[in-house]
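Being a predicted model, the structure only gives us computed values, none of them experimental. Each chain gets a letter, A, B and so on, in the order the sequences are listed, and its residues count up from 1.
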Number of protein chains: 2
Amino acid sequence: MKKHNFNAGPSILPREVIEKTAQAILDFNGSGLSLMEISHRAKDFQPVVDEAVALFKELLDIPDGYSVLFLGGGASLEFCMVPYNFLEKKAAYLNTGAWAKKAMKEAKAFGETVEVASSEKDTYTYIPKGFEANVPADADYFHITTNNTIYGTELHADPTVPVPMVADMSSDIFSRPVDVSKYICIYGGAQKNLAPAGVTFVIVKNDALGKVSRHIPTMLNYQTHVDKGSMFNTPPVVPIYAALQTLRWLKAQGGVEEMQRRAKMRSDMLYGEIDRNRLFRGTVTDPEDRSYMNICFVMADEYKELEADFLKFATDRGMVGVKGHRSVGGFRASCYNALPAESVQALIDCMKEFEKAH
Amino acid sequence: MKKHNFNAGPSILPREVIEKTAQAILDFNGSGLSLMEISHRAKDFQPVVDEAVALFKELLDIPDGYSVLFLGGGASLEFCMVPYNFLEKKAAYLNTGAWAKKAMKEAKAFGETVEVASSEKDTYTYIPKGFEANVPADADYFHITTNNTIYGTELHADPTVPVPMVADMSSDIFSRPVDVSKYICIYGGAQKNLAPAGVTFVIVKNDALGKVSRHIPTMLNYQTHVDKGSMFNTPPVVPIYAALQTLRWLKAQGGVEEMQRRAKMRSDMLYGEIDRNRLFRGTVTDPEDRSYMNICFVMADEYKELEADFLKFATDRGMVGVKGHRSVGGFRASCYNALPAESVQALIDCMKEFEKAH
């Protein structure tokens with residue numbers, strides 16, 4: 001049976017990325033060696049990193065003066081690296097979900113941390129409005145989580161605030177154009193739109209570094225990795241190789257504008273069905289905040305007892321990963337770049353069929 | 001032409017590990033999904049982590065009261081995590097190479113750091129003798145690097161000192177039995193004897209945690225990862241899967257005693273030829289310190305001008321990665337667990353043939 005991969009992350013990647021990575025694991029570039037057993041300092045591997053960096057810059061139209069890094073440790077490690085590197089006196093955070101809150105929590109150990117706005121009391125079912133006006137003009141940075149995977153909300157454009165921004169874009173990188181010049185740092189785990197788990201991307205503005213007075217452990221200092229082109233220590237070779245294959249695919253498909261068009265089309269299809277189908281309702285209260293990446297919905301109040309039934313019904317028809325995050329329940333269909341519209345249609349067909357049966 | 005992989009890391013892995021990982025990337029457990037696109041919280045993946053932890057404990061005979069973690073970031077990140085978690089007042093370090101020194105450097109920011117002994121002035125060509133007597137009895141821990149990849153020296157047994165030890169075993173883990181009870185923490189990058197780059201193993205004694213008074217950022221606190229079984233954030237799924245395949249292979253081959261027997265056999269063969277062949281000489285001054293894992297040698301003084309010639313000669317015959325580390329030059333044949341004796345013989349044949357020609 002054909003599987004439709006709605007996993008929230010690690011998640012669907014283009015089939016050609018998967019096949020090329022499997023092939024390189026058997027034989028890298030015809031070298032007679034596996035991608036898993038070549039040196040990261042081999043002549044053949046440096047071009048992989050170089051091309052991945054160049055495509056990152058090209059696809060996101062990153063201005064001069066920024067570095068692109070591929071690190072280990074995950075976005076959660078960035079939660080402390082950001083204040084380590086940028087928080088001298090005061091940082092501002094937008095609390096739009098569990099990950100945003102975790103990022104804010106780490107900052108508190110490093111200096112004054114201002115929660116600019118929060119939708120926590122309403123289970124993060126919307127993005128707080130008008131937060132831009134509350135960002136302190138003397139903050140070292142303003143941190144946002146552009147897409148909230150668990151709750152299905154998303155900032156669809158880059159805010160305008162009086163201080164430089166830092167963003168966790170783990171789950172929506174490469175799904176829309178970004179005005180990188182508004183940020184001093186954009187980071188994310190790669191395991192949604194880019195690569196298998198195990199590599200973290202960081203876009204950092206070079207001249208924003210070196211401004212804090214504290215000692216920074218070597219590996220937590222972005223300057224270490226900027227100076228060594230992500231090769232201070234052994235980088236995660238296989239995930240970086242897979243990321244390069246995805247970046248090539250992204251470019252060939254038409255880049256971030258095309259990804260945005262497809263994301264909007266997929267989410268219009270699915271939100272349309274959620275709104276139409278009497279059995280279901282969306283969980284995000286403000287339609288403009290609805291994520292294109294993670295589409296969250298629950299059974300309508302009068303059909304609540306059907307939740308487990310629908311999960312089984314959809315799973316039996318090849319839907320994978322449509323169960324909502326354990327902290328909120330319901331359903332979540334993650335629709336990352338590599339998800340074909342055909343998969344969204346298959347889920348919609350399930351919903352229609354289930355509606356007919358009830 | 002058959003390649004003989006002497007890479008220092010990332011390095012040779014058993015062919016069946018490579019093939020099984022490639023297969024799982026195409027289709028994980030017959031699920032119709034790639035290992036690169038399954039959730040780390042999928043029912044099928046938890047058993048991978050559980051079995052890897054269980055085999056770690058079995059193969060190294062780890063006593064009760066220890067946890068095994070699979071993290072990101074590399075051993076270099078552990079250099080600061082160790083003092084963050086264990087250094088309250090004083091730490092002791094043995095300086096046996098560039099990596100040992102880097103580990104010691106990170107500790108200095110956290111408390112008094114004592115260099116117990118060093119062979120730095122002699123380019124780390126031996127392990128300092130009698131260091132055990134110099135370890136301060138009031139140190140929180142004594143840190144060692146059991147194998148020094150760049151210089152080809154190795155501690156072949158676990159020292160006995162009056163304080164608990166911490167060890168970087170990146171390049172010799174699973175090559176000999178270890179008395180884990182002497183350590184509160186053993187860590188390493190997996191990219192030598194275990195897995196592709198991208199996962200760090202940590203063996204930590206549970207009751208050694210929670211004893212420092214400082215705040216520890218969440219991701220740098222071993223307790224975070226102990227509490228969540230390495231699933232606090234998304235772990236590096238593909239490298240962990242490959243590590244499991246290697247652990248199964250290790251067990252099937254006879255475990256660490258058999259790996260030690262093979263390592264000794266391989267290194268006896270190669271050191272024997274280095275000592276016999278008039279063109280070459282070993283760089284480690286004390287034979288008991290010679291590493292079984294990384295066998296370093298140079299041209300004998302009167303043949304120095306042949307260095308580039310021999311490198312080409314060996315490379316032309318399929319030897320990969322035999323160039324010495326850029327900081328010391330000469331040659332380095334890394335002979336990790338998966339390297340067949342046949343590859344060592346092929347290198348010896350090269351050395352003999354080259355000798356005849358000169």
Looking only at P196(B), A195(B), G198(B), the option with the highest number of non-hydrogen pairs under 4.5 Å against chain A is P196(B)
Rounded to the nearest 0.5 Å, how far does CD of E19(A) lie from OG of S34(B)?
10.0 Å
For K2(A), is it the side chain, the backbone, both or neither that has a heavy atom under 4.5 Å from a heavy atom of chain B?
neither
So H40(B) and Q191(A), do their side chains get closer than 4.5 Å, heavy atoms only?
no
With rounding to the nearest 0.5 Å, note down the distance linking NE2 in H325(A) to CZ in R41(B).
6.5 Å
K3(B), NZ atom: more than 12 neighbouring heavy atoms under 6.0 Å
yes
Which bit of P235(A) comes within less than 4.5 Å of chain B, counting heavy atoms only: side chain, backbone, both or neither?
backbone
Bottom line for L220(A): the part with an atom under 4.5 Å from chain B's heavy atoms is side chain
Heavy-atom pairs under 4.5 Å with chain A - which of S31(B), A8(B), G318(B) has more of them than the others?
S31(B)
Which of V237(A), V238(A), L71(A), I12(A) touches chain B most, by non-hydrogen pairs under 4.5 Å:
I12(A)
Side chain, backbone, both or neither: which part of Y84(A) has a heavy atom under 4.5 Å from chain B?
side chain
Is it the case that atom NZ in K101(B) sees more than 12 heavy atoms from other parts of the structure closer than 6.0 Å?
no
By a 4.5 Å heavy-atom criterion (distance strictly below it), what part of V199(A) contacts chain B: side chain, backbone, both, or neither?
neither
How close do L13(A) and E37(B) get, heavy atom to heavy atom, and via which atoms?
N-OE1, 3.2 Å
Would you call P10(A) and T234(B) a side-chain contact if the rule is heavy atoms closer than 4.5 Å?
yes
Using modelled atom types and a 3.5 Å cut-off, is there a donor and acceptor pairing between side-chain atoms of N5(A) and backbone atoms of L33(B)?
no
Is L77(A) close to L77(B) at the side-chain level, that is, under 4.5 Å between some pair of heavy atoms?
yes
With chain A, the option among A242(B), S39(B), G32(B), A24(B) that has the most non-hydrogen atom pairs under 4.5 Å is S39(B)
If I compare all heavy atoms of M219(A) with all of G73(B), which pair ends up nearest, and what's the gap?
CE-O, 3.2 Å
Distance (rounded to the nearest 0.5 Å) between K102(A) NZ and N233(B) CG
8.0 Å
With a 4.5 Å limit on heavy-atom distance, are the side chains of E106(B) and T218(A) in contact?
yes
I need the M36(B) CE to Q245(A) CD distance, nearest 0.5 Å.
9.0 Å
Taking the side chain as everything from C-beta on, heavy atoms only, tell me whether L26(B) gets closer than 4.5 Å to R15(A).
yes
Roughly how far, to the nearest 0.5 Å, is the OG1 atom of T21(B) from the CG atom of L35(A)?
11.0 Å
